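Scope of the values below: all heavy atoms of this structure, side chains included, with no hydrogens, waters or symmetry mates. A quick note: this is a predicted structure, and the numbers were derived from the prediction, not measured.
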Amino acid sequence: MRVLIVEDEEQLADAVARGLRLHAIAVDVAYDGQEALERAGYVDYDVIVLDRDLPEVHGDDVCSELRHKSRILMLTAAGQMRDKIDGLALGADDYLVKPFAFAELVARIRTLARRSFRTASPALERAGIRLDPARRTVTRDGRQIALNRKEFDLLRELLDAGGDLVTSTELRRKVWDEYAEGGTGVLRVTITSLRRKLGAPALLENVPGRGYRL
């Protein structure tokens with residue numbers, strides 16, 4: 001799952017991002033509306049957590065621009081009923097008022113992610129592997145395979161490439177985030193674990209110095 005936090009209160013934005021990463025969620029942060037639009041232009045986000053009162057480009061305009069690309073959760077201090085109605089009318093999928101319980105924020109993000117445009121895509125199949133994004137299940141030749149979140153997201157990116165090479169940089173950008181620790185090391189560890197769980201014969205090919213393909 002990839003989430004964008006759009007919040008001009010930098011301490012709050014960074015704290016929310018750190019908390020979500022502890023839940024194995026890849027998180028990017030934008031501190032104004034223009035940065036949010038730029039990031040969303042080259043990264044596909046499952047959920048955007050969006051403040052309304054933003055500098056550069058107002059949060060309402062960001063919502064209108066991105067509502068067809070990602071699920072949007074407005075997280076704002078504007079908590080009157082009229083504010084909520086207006087926010088949802090703009091295309092937001094959910095609305096949470098500050099101050100908020102972090103556990104509720106995580107739950108709402110996960111709920112929206114299950115309904116995300118990426119998750120709603122059809123099942124992916126290749127070489128006997130079937131990945132169902134909606135049910136978050138993976139089988140190989142009918143055998144159920146249990147994957148953790150990062151392994152699942154990594155496999156989805158490789159399947160989505162249809163056998164084409166996916167660079168290591170691209171995989172790290174899509175499955176982790178810019179603050180992920182370990183760089184290439186964490187990718188190699190996840191690939192090794194995924195290869196083991198998928199079983200023989202091996203399907204994951206490493207192209208040294210370039211990336212991976214299925």
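Checked by atom type and distance alone, the side chain of Asn148 pairs as donor or acceptor with a backbone atom of Glu151 at under 3.5 Å. Although no hydrogens or angles enter the test, the distance criterion places a donor-acceptor pair under 3.5 Å between the side chain of Thr111 and the main chain of Ala107. Side chain of Lys150 to main chain of Thr190: no donor-acceptor pair is present (N/O by atom type, distance under 3.5 Å, no hydrogens or angles). A donor-acceptor pair under 3.5 Å links the side-chain atoms of Arg21 to the main chain of Val27, judged by distance alone. Side-chain atoms of His58 come within 3.5 Å of backbone N or O of Asp60 as a donor-acceptor pair. Side chain of Arg67 to main chain of Asp93: no donor-acceptor pair is present (N/O by atom type, distance under 3.5 Å, no hydrogens or angles).
Proximity of Leu12 to Val16: side-chain heavy atoms (C-beta onward) are separated by under 4.5 Å at one or more points. Side-chain atoms of Arg126 and Leu158, non-hydrogen and from C-beta on, never get closer than 4.5 Å to each other. Using a 4.5 Å heavy-atom threshold, the side chains of Thr76 and Asp53 count as separate. Between Leu66 and Leu50 there is no side-chain heavy-atom pair separated by less than 4.5 Å. Side-chain contact between Glu157 and Tyr212: absent, with no pair of heavy atoms (C-beta onward) separated by less than 4.5 Å. Asp8 has its side chain out of reach of Asp32: every pair of non-hydrogen atoms, C-beta onward, lies at least 4.5 Å apart.
Summarising the geometry, atom CZ belonging to Arg108 is positioned 7.0 Å from atom CG belonging to Leu73; distances are rounded to the nearest 0.5 Å. Atoms CG and CZ, on Leu105 and Arg110 in that order, are 10.5 Å from each other to the nearest 0.5 Å.
Every residue was checked against the side-chain hydrogen bond (donor to acceptor under 3.5 Å, both in side chains) condition with Glu56, not counting sequence neighbours, and none meets it. In this view, Ala13 and Ile5, Glu7, Val29, Tyr31 satisfy the side-chain contact (heavy atoms from CB on, under 4.5 Å) rule, not counting sequence neighbours. For Arg210, the side-chain contact (heavy atoms from CB on, under 4.5 Å) partners two or more places apart in sequence, or in a different chain, are Leu165, Val207. Residues meeting the side-chain contact (heavy atoms from CB on, under 4.5 Å) test with Thr169, sequence neighbours left out: Thr167, Arg172. Remark: Glu65 engages no residue in a side-chain hydrogen bond (donor to acceptor under 3.5 Å, both in side chains) (not counting sequence neighbours).
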N/O donor to acceptor pairs below 3.5 angstrom from side-chain atoms of residues 138-147, sequence neighbours left out:
unit_1 : atom_1 : unit_2 : atom_2 : d
Arg140 : NH1    : Leu198 : O      : 2.9
Arg140 : NH1    : Gly199 : O      : 2.9
Arg140 : NH1    : Pro201 : O      : 3.1
Arg140 : NH2    : Pro201 : O      : 2.9
Arg143 : NH2    : Leu198 : O      : 3.2

Steps toward side chain to side chain contact (heavy atoms under 4.5 Å, CB included) verdict (Leu155, Lys197): CA-CA 11 Å; Leu155 180 60; Lys197 290 183 178 181; over 6 Å; no

Taking it one step at a time, do Phe102 and Leu20 satisfy side chain to side chain contact (heavy atoms under 4.5 Å, CB included)? CA-CA 9 Å; Phe102 187 76; Leu20 292 178; 3.9 Å; yes

Quick one: do Leu154 and Leu187 satisfy side chain to side chain contact (heavy atoms under 4.5 Å, CB included)? Show the steps, please. CA-CA 9 Å; Leu154 184 61; Leu187 173 60; 3.9 Å; yes

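Considering every non-hydrogen atom in both Gly163 and Arg213, the closest pair reads O-CD, 3.5 Å. Between Leu90 and Cys63, the closest heavy-atom pair is O-SG, 3.9 Å. Ala77 and Val97 make their closest contact through O-CG1, 4.3 Å (heavy atoms, listed as atom of the first residue, atom of the second, distance). Looking at every heavy atom in both residues, Gly211 comes nearest to Asn206 through O-OD1, 3.3 Å. Contact between Pro133 and Ala123 at its shortest, heavy atoms only, is CD-CA, 3.8 Å.
In summary, of the residues considered (Asp164, Asp160, Leu159, Val166), a side chain to side chain contact (heavy atoms under 4.5 Å, CB included) with Leu214 occurs for Leu159 alone. With Val49 as the partner, the side chain to side chain contact (heavy atoms under 4.5 Å, CB included) test is satisfied by one option alone out of Leu75, Leu112, Leu96, Val6: Leu75.
Leu4 and Tyr42 fall within the same hydrophobic cluster, defined by Ile, Leu, Val, Met, Phe, Trp and Tyr side-chain heavy atoms under 4.5 Å apart, directly or through other members.
A salt bridge is absent between Asp94 and Arg71; no separation between the charged side-chain nitrogens and carboxylate oxygens falls under 4.0 Å. A salt bridge between Asp153 and Arg136 is present, with a side-chain N of the basic residue lying under 4.0 Å from a carboxylate O of the acidic one.
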